[in-house]
Amino acid sequence: VNEFKAGAFRIAQKSKVPVVPFCIDGTGNLFEYNGNVLNPKSKVRLHIMPAIDTSEYTRDDWKALPGICEEMIRAELKSIRNKE
C-alpha cells in the first residue's frame with residue numbers, strides 16, 4: 001500500500017458524497033510475481049468497507065481523511081491475510 005494522496009479525495013469533497021474505502025488483495029499473484037504471465041489459479045479478494053459520511057466534514061476533517069482511509073485499508077488487508 002502506497003501513501004494516500006489528498007487529491008484523490010477532492011472529487012468527493014467537491015461533490016459532498018460519501019467515501020467508500022475498499023481493498024483488493026492478491027492482484028500481485030495474477031501477473032507481477034510470475035513474469036507477467038497470467039496465473040488463472042490466483043485468488044483476488046475485494047473487500048468493500050462501510051461508507052464514510054463526509055457531508056458534515058470540515059477542512060481539517062478532509063485533510064485527515066486520506067490517512068484515516070489508509071489506516072482502515074492497511075488494517076483490513078492485515079485481517080484478510082491473517083485469515084489465510
Side-chain angles (χ1 to χ4, degrees):
V1 178
N2 289 328
E3 176 188 354
F4 282 39
K5 304 287 185 180
F9 296 87
R10 285 200 180 109
I11 294 171
Q13 181 181 16
K14 288 179 181 181
S15 304
K16 298 183 180 181
V17 296
V19 171
V20 181
F22 65 92
C23 61
I24 303 171
D25 185 44
T27 57
N29 295 328
L30 286 175
F31 290 106
E32 293 176 20
Y33 304 135
N34 61 7
N36 291 328
V37 176
L38 178 64
N39 180 359
K41 295 181 182 180
S42 294
K43 290 183 181 180
V44 176
R45 294 173 185 89
L46 170 65
H47 286 250
I48 301 171
M49 290 170 262
I52 300 170
D53 181 11
T54 60
S55 60
E56 302 293 323
Y57 268 31
T58 65
R59 172 172 259 176
D60 289 337
D61 294 329
W62 279 105
K63 287 180 181 178
L65 187 58
I68 292 167
C69 287
E70 182 177 347
E71 288 177 26
M72 288 175 64
I73 291 170
R74 285 183 185 278
E76 185 69 15
L77 281 172
K78 185 176 180 180
S79 173
I80 292 168
R81 291 173 179 167
N82 285 339
K83 291 178 184 176
E84 294 178 343

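- For the atom pair Lys63 NZ and Thr58 OG1, the distance stands at 9.5 Å (nearest 0.5 Å).
- Put simply, Val37 and Leu30 are part of two different groups of oily side chains (I, L, V, M, F, W, Y) that touch within less than 4.5 Å, one to the next.
- In this structure, the side chains of Leu65 and Gln13 stay at 4.5 Å or more apart for every pair of heavy atoms.
- Here the closest heavy-atom approach between residue Trp62 and residue Tyr57 is recorded as NE1-CB, 3.3 Å.
- Linking Ile, Leu, Val, Met, Phe, Trp and Tyr whenever their side-chain heavy atoms come within less than 4.5 Å puts Ile24 and Leu38 in one cluster.
- Taking each heavy atom of Ile80 and Cys23 in turn, the nearest pair found is CD1-SG, 3.8 Å.
- Of all heavy-atom pairs spanning Pro50 and Pro21, the tightest one is O-CD, 3.5 Å.
- Among Glu70, Glu71, Met72, the one residue that satisfies the side chain to side chain contact (heavy atoms under 4.5 Å, CB included) test with Ile68 is Met72.
- The shortest distance between side-chain heavy atoms of Met49 and Ile73 falls below 4.5 Å.
- Taken together through direct or relayed side-chain contacts under 4.5 Å among Ile, Leu, Val, Met, Phe, Trp and Tyr, Val44 and Leu46 form part of one hydrophobic cluster.
- The shortest side-chain heavy-atom distance between Arg81 and Asp25 falls under the 4.5 Å cut-off.
- Val17 and Val19 are members of different hydrophobic clusters when ILVMFWY side chains are connected at heavy-atom separations under 4.5 Å.
- The two residues Ser42 and Asn29 make their nearest non-hydrogen contact at OG-O, 2.9 Å.
- In this structure, Arg74 places its CZ atom where more than 12 heavy-atom neighbours from other residues, nucleotides or ligands lie under 6.0 Å away.
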